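Here the structure is a predicted model, which means the values were calculated and not measured. Reminder, nothing fancy here: chain letters follow the sequence lines and each chain counts from 1.
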There are 2 protein chains.
Amino acid sequence: MTKKNDFDLKDFMPYLLNQAAEVMSRDFEVIYRSRYGMLRTEWRVVFHLGRYGAMTAKDICDRARIHKTKVSRAVRALETKRFLRREQQVNDRRHESLSLTPTGQRVFEDLLKEARTYDKEVMSQFSDGDAAQIRKVLIQIAQL
Amino acid sequence: MTKKNDFDLKDFMPYLLNQAAEVMSRDFEVIYRSRYGMLRTEWRVVFHLGRYGAMTAKDICDRARIHKTKVSRAVRALETKRFLRREQQVNDRRHESLSLTPTGQRVFEDLLKEARTYDKEVMSQFSDGDAAQIRKVLIQIAQL
DNA sequence: GGGTAGTAGTTGCTTTTGTAACTAACAAGG
DNA sequence: CCTTGTTAGTTACAAAAGCAACTACTACCC
């Protein structure tokens with residue numbers, strides 16, 4: 001066996017992460033897509049607003065590392081669905097504060113419930129220690 | 001604090017995985033993109049062929065869980081770049097065996113070297129135990 | 001206060017992906 | 001052989017994402 005082959009694809013982190021992420025995302029996508037006709041970015045925006053409260057599109061871009069055009073389009077879609085509203089700030093009219101409408105709030109809570117269930121189910125195959133550890137490591141990588 | 005907020009976005013696996021995967025993939029993408037003008041799927045195909053030897057497009061689809069149209073297009077692109085060649089099998093002409101050309105082989109080896117370096121760099125921030133564990137868990141999730 | 005630079009967000013155009021319908025080849029039962 | 005069903009791979013069309021140029025606004029500095 002030559003030296004070059006002692007490196008398995010499955011040892012390569014970007015590959016492994018992508019694979020794992022893809023599997024899980026597609027699973028969960030079915031839920032918000034079928035239930036609310038939402039796209040992945042829209043779901044992320046709802047989650048950010050639901051979890052962390054009102055903020056600007058820029059804030060979402062920075063926190064979630066999503067490109068601004070993607071966020072812009074997601075916001076418009078969510079506005080059309082009446083899941084969120086925007087409010088221009090008086091002190092700086094470039095900023096618009098985004099927040100969930102009561103409907104959006106209900107959507108968020110419903111999906112949060114699903115997320116919890118899904119998360120529990122997936123992680124149940126690991127010990128509590130393993131689960132905590134992997135979360136820690138992933139958070140660290142995500143913040144690179 | 002209400003009950004609904006004791007669930008942090010950062011505890012939600014699909015979200016966390018996506019974030020981490022995105023960060024790493026984009027990093028590594030720069031390398032194969034700038035150096036060989038390859039797309040993500042093309043890179044994956046090259047890696048599969050380089051690591052596991054000749055196989056059909058279907059095999060790649062199954063092993064890497066990539067949709068057949070994506071693979072089909074990646075194969076054509078790689079063929080145009082002269083990184084791989086296809087060979088129809090005589091016993092069943094629906095199958096075509098894909099394999100790297102000498103050029104493709106060199107590309108694979110070059111990128112493999114980069115992958116190793118990159119992987120080592122990223123994982124250096126974790127202990128060997130942590131690193132091994134996270135790989136184990138990710139492999140398990142990816143195989144769901 | 002007018003020019004320059006920088007920021008938030010949007011839009012138009014291009015590239016990439018997803019979906020579903022298609023071709024071509026084989027397999028198996030009658 | 002010929003119909004029916006299945007599989008590998010492609011292609012046409014639609015949806016989504018990326019990129020770059022644009023508008024509208026603010027901030028700073030002379």
Side-chain angles (χ1 to χ4, degrees), chain A residues 18-19 21-23 25-30 32-34 36-45 48-49 54-81 84-99, chain B residues 18-19 21-23 25-30 32-34 36-45 48-49 54-81 84-99:
Chain A
N18 244 315
Q19 201 88 341
E22 204 54 32
V23 169
S25 290
R26 289 209 180 278
D27 257 13
F28 196 71
E29 187 175 28
V30 176
Y32 54 79
R33 189 157 196 147
S34 66
Y36 302 108
M38 278 163 65
L39 262 35
R40 207 179 287 191
T41 310
E42 297 174 38
W43 162 71
R44 288 224 222 165
V45 167
H48 266 270
L49 294 177
M55 60 178 84
T56 68
K58 182 63 164 51
D59 292 333
I60 297 176
C61 292
D62 293 344
R63 299 183 70 133
R65 292 162 174 261
I66 310 176
H67 194 274
K68 59 182 181 171
T69 61
K70 250 168 124 176
V71 171
S72 172
R73 288 190 261 245
V75 165
R76 188 172 46 194
L78 291 169
E79 200 182 18
T80 305
K81 296 191 181 81
L84 70 71
R85 70 175 150 253
R86 26 184 150 197
E87 204 178 338
Q88 262 196 355
Q89 271 159 7
V90 254
N91 51 332
D92 187 338
R93 270 178 302 164
R94 282 172 309 180
H95 294 70
E96 38 189 33
S97 170
L98 306 171
S99 55
Chain B
N18 245 312
Q19 203 87 340
E22 204 54 32
V23 168
S25 291
R26 288 208 180 279
D27 256 14
F28 196 71
E29 187 175 29
V30 176
Y32 54 78
R33 189 158 196 143
S34 66
Y36 301 108
M38 279 164 64
L39 261 35
R40 207 178 287 192
T41 310
E42 295 173 39
W43 162 72
R44 288 225 222 164
V45 167
H48 267 271
L49 294 177
M55 62 178 84
T56 69
K58 182 63 164 52
D59 292 333
I60 297 176
C61 292
D62 293 344
R63 300 183 70 132
R65 292 162 172 261
I66 309 175
H67 194 275
K68 59 182 181 170
T69 61
K70 250 168 123 175
V71 172
S72 172
R73 289 190 263 243
V75 166
R76 190 173 43 193
L78 291 168
E79 200 183 18
T80 305
K81 295 191 182 80
L84 70 72
R85 69 175 150 251
R86 25 184 151 198
E87 203 177 339
Q88 263 195 354
Q89 272 159 6
V90 253
N91 51 333
D92 186 340
R93 271 177 302 163
R94 285 172 307 179
H95 294 71
E96 37 188 34
S97 171
L98 306 172
S99 56

Which one, dT10(D), dG9(C), dT10(C), comes nearest to the side chain of Arg86(A)? dT10(C)

Using whole Å, report how far NE2 of His95(A) lies from P of dT10(C). 13 Å

Contact summary for Ala57(B) and Val71(B), nearest pair of heavy atoms: CB-CG1, 3.9 Å

note: Glu29(A), atom CD; dA15(D), atom C1'; distance rounded to Å ~ 12 Å

Quick check: does any side chain N or O of Ser72(A) sit under 3.5 Å from a backbone N or O of Lys68(A), one acting as donor and the other as acceptor? no

Separation of atom CD in Glu87(A) from atom C1' in dA8(C), rounded to whole Å: 17 Å

Using whole Å, report how far NZ of Lys58(B) lies from C1' of dC26(C). 15 Å

What residue among Leu78(A), Val75(A), Leu84(A) forms side-chain contact (heavy atoms from CB on, under 4.5 Å) with Leu49(A)? Leu84(A)

Using whole Å, report how far CD1 of Ile60(B) lies from P of dT7(D). 19 Å

Has the side chain of Asp62(B) got a donor or acceptor atom that lies under 3.5 Å from a matching backbone atom of Asp59(B)? no

Mind calculating the distance between CE (Met38(A)) and C1' (dA15(D)) to the nearest angstrom? 17 Å

Around atom CD of Glu87(B), are there more than 12 heavy atoms from other residues, nucleotides or ligands closer than 6.0 Å? no

Footprint string (nucleotides 16-26 of chain D, 5' to 3'): B base within contact, S backbone only, - free, heavy atoms under 4.0 Å: SSBBB----BS

Counting only N and O atoms by type, is there a donor-acceptor contact under 3.5 Å from the side chain of Glu29(A) to the main-chain atoms of Leu39(A)? no

At less than 4.0 Å, is any side-chain N or O atom of Thr56(A) found next to OP1 or OP2 of dA8(C)? Yes or no. no

For atom CD1 of Ile66(B) and atom P of dT10(D), their distance in whole Å: 14 Å

